[in-house]
Amino acid sequence: MSSSSRTAILVALSLVVIATLSGQCQGGSVPLQVGFYQGKCRSADVEAIVGMVVKARYSRDPTITAALLRMQFHDCFVNGCDASILLDGSNSEKTAIPNLSVRGYELIDAAKSVVEAICPGLVSCSDIIVIATREAVALGGGGRYFVQTGRRDGAVSLAKNVNLPSPSVSVSDSIKAFAQKGLTPIDMIYLLGGHTVGITHCSLFRDRLYNFKNTGKPDPNMDLDLLTSLRQRCPQNNTNGVDNSVNLDQNSLSSLTVDNSYYRQIVSKRGILQIDQDLALDPITKPTVSAIANGFDFSTKFGQAMVKLGSIQVLTGKEGEIRRSCRAINKP
């Protein structure tokens, strides 16, 4: 398939998503807007307040950037960006297997406490997630994009509703999953770039090291030096019960920086998760991945994709509520 044909396919897929799901992203009855809280919290700058809380945490733990990126993705992909992932409960989204390792809840609680003390009942938990994530991305070197605010919080959080793409999902199925949320293939490629600061665990890719697709052999599309180092980190017979962690960006100088290094790694067959490596190999996504790997506008495009992610099925206007505590719906 020629390069022009692959580009045409990608554009066509994007147009289909836009045409059929144009209303999916902006779900609320009232549009989100940049600077929604300006002038509404006395003289305080809500986004700056949240930013100070994030900066204090980032100075102690720069991995909070990856944690918040993951939190926003996991929240927005289930029922939209309504902070449903924050709700406690025996069967809430928090208890779903993909969310057991989500972290950063205490940071959101801290930011909520500060803004509630200054302007109670004004700032939604769903907006705090989006603002905090933007602040963490900026601190991580990814550029400071403008966020839209004005979301309200949802009241439903059920583990059974959590249906996230798995690390071994095919590119075509991943495109379909993102399309269901009103996101194009190009949005998907940029959003997966959040893996540039992410980690995973051996159990999620061990098959690529030893028994790829039940062949009894490693994935032939993995760089041999990477294969050797990963086998040391992730032995075939894990007898000690420890599921070691591995950086998704194998450039040690960039594993905590939000940049395009992840794409350069997967182009060099140094992807860790199956979906990451397949992005650089699939004829539909390969041209875009190569362009990002060799380009200079990742921060801008990543920010645009994050804004689009943050507008999935939002509640606005009189929909939902402004929770007093991010962990529980308001009592009557």
Side-chain angles (χ1 to χ4, degrees), residues 32 36-37 41 44-89 92-96 98-140 142 144-145 147-157 159 162 164 194 197-198 258 306-307 309-316 320-330:
L32 298 175
F36 175 82
Y37 295 108
C41 185
D45 184 333
V46 169
E47 294 184 23
I49 292 170
V50 175
M52 287 188 294
V53 175
V54 176
K55 186 175 181 180
R57 173 62 179 271
Y58 183 87
S59 66
R60 305 190 308 271
D61 175 20
T63 68
I64 194 63
T65 300
L68 290 174
L69 280 167
R70 188 163 182 245
M71 178 187 286
Q72 182 178 337
F73 181 81
H74 282 222
D75 182 48
C76 292
F77 244 65
V78 180
N79 294 335
C81 307
D82 65 350
S84 53
I85 195 172
L86 303 180
L87 290 171
D88 289 336
S92 72
E93 290 174 28
K94 282 183 178 179
T95 67
N99 289 337
L100 294 178
S101 55
V102 171
R103 60 189 183 89
Y105 298 117
E106 71 290 344
L107 184 152
I108 303 300
D109 290 338
K112 177 64 170 175
S113 294
V114 176
V115 296
E116 280 292 300
I118 300 172
C119 39
L122 177 67
V123 183
S124 68
C125 300
S126 47
D127 275 345
I128 290 175
I129 291 176
V130 171
I131 296 168
T133 301
R134 186 274 307 276
E135 297 296 327
V137 167
L139 289 167
R144 186 180 177 84
Y145 51 92
V147 292
Q148 297 175 323
T149 43
R151 296 168 192 78
R152 290 169 66 85
D153 301 322
V156 177
S157 181
V162 177
L164 297 162
V197 289
V258 181
M306 288 298 297
V307 170
L309 172 69
S311 66
I312 295 175
Q313 295 173 271
V314 294
L315 302 172
T316 62
E321 64 180 11
I322 304 297
R323 288 186 212 141
R324 289 185 285 272
S325 165
C326 290
R327 293 177 179 263
I329 61 174
N330 296 337

Which salt bridge (Lys or Arg N to Asp or Glu O under 4.0 Å) pairs, counting each pair once, include a residue from residues 68-77, with sequence neighbours left out?
->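 Every pair satisfying salt bridge (Lys or Arg N to Asp or Glu O under 4.0 Å) with a residue in residues 68-77: there are none.
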Write out all pairs satisfying salt bridge (Lys or Arg N to Asp or Glu O under 4.0 Å) with one or both partners inside residues 120-131, taking only residues at least two apart or from two chains.
-> Asp127-Arg151
Worked check of side chain to side chain contact (heavy atoms under 4.5 Å, CB included) between Tyr58 and Glu135 | CA-CA 10 Å; Tyr58 183 87; Glu135 297 296 327; over 6 Å; no
Sub-4.5 Å side-chain heavy-atom contact between Thr149 and Val130 | no
Any side-chain heavy atom of Arg134 within less than 4.5 Å of one from Arg144?
->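 Arg134 vs Arg144: side chains touch.
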Would you please name every residue forming a salt bridge (Lys or Arg N to Asp or Glu O under 4.0 Å) with Arg323, sequence neighbours left out?
-> none
Kindly write out the residues that satisfy salt bridge (Lys or Arg N to Asp or Glu O under 4.0 Å) with Arg324, not counting sequence neighbours, or none if the list is empty.
->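 Arg324: no salt bridge (Lys or Arg N to Asp or Glu O under 4.0 Å) contacts found.
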Determine the minimum heavy-atom distance between [X] and [Y], stating which atoms define it.
| X | Y | answer |
| --- | --- | --- |
| Leu87 | Ser157 | CD1-CB, 3.7 Å |
| Asn99 | Leu164 | OD1-CD1, 4.1 Å |
| Ser126 | Asp153 | N-OD1, 2.9 Å |

Heavy-atom donor-acceptor pair, [X] side chain to [Y] backbone, under 3.5 Å:
| X | Y | answer |
| --- | --- | --- |
| Arg60 | Ala56 | yes |
| Glu93 | Leu86 | no |
| Thr65 | Val137 | no |

Sequence neighbours left out, what passes ring pair (Phe, Tyr, Trp, His ring centres under 6.0 Å) with Phe73? Give chain and number order.
-> Phe77, Phe178
Take Met71 and Arg103, measure what side chain to side chain contact (heavy atoms under 4.5 Å, CB included) needs, and give me the verdict at the end.
-> CA-CA 7 Å; Met71 178 187 286; Arg103 60 189 183 89; over 6 Å; no
Name all residues meeting the side chain to side chain donor-acceptor pair (under 3.5 Å) criterion together with Ser92; count only those two or more places apart in sequence or in a different chain, and write none if there are none.
-> none
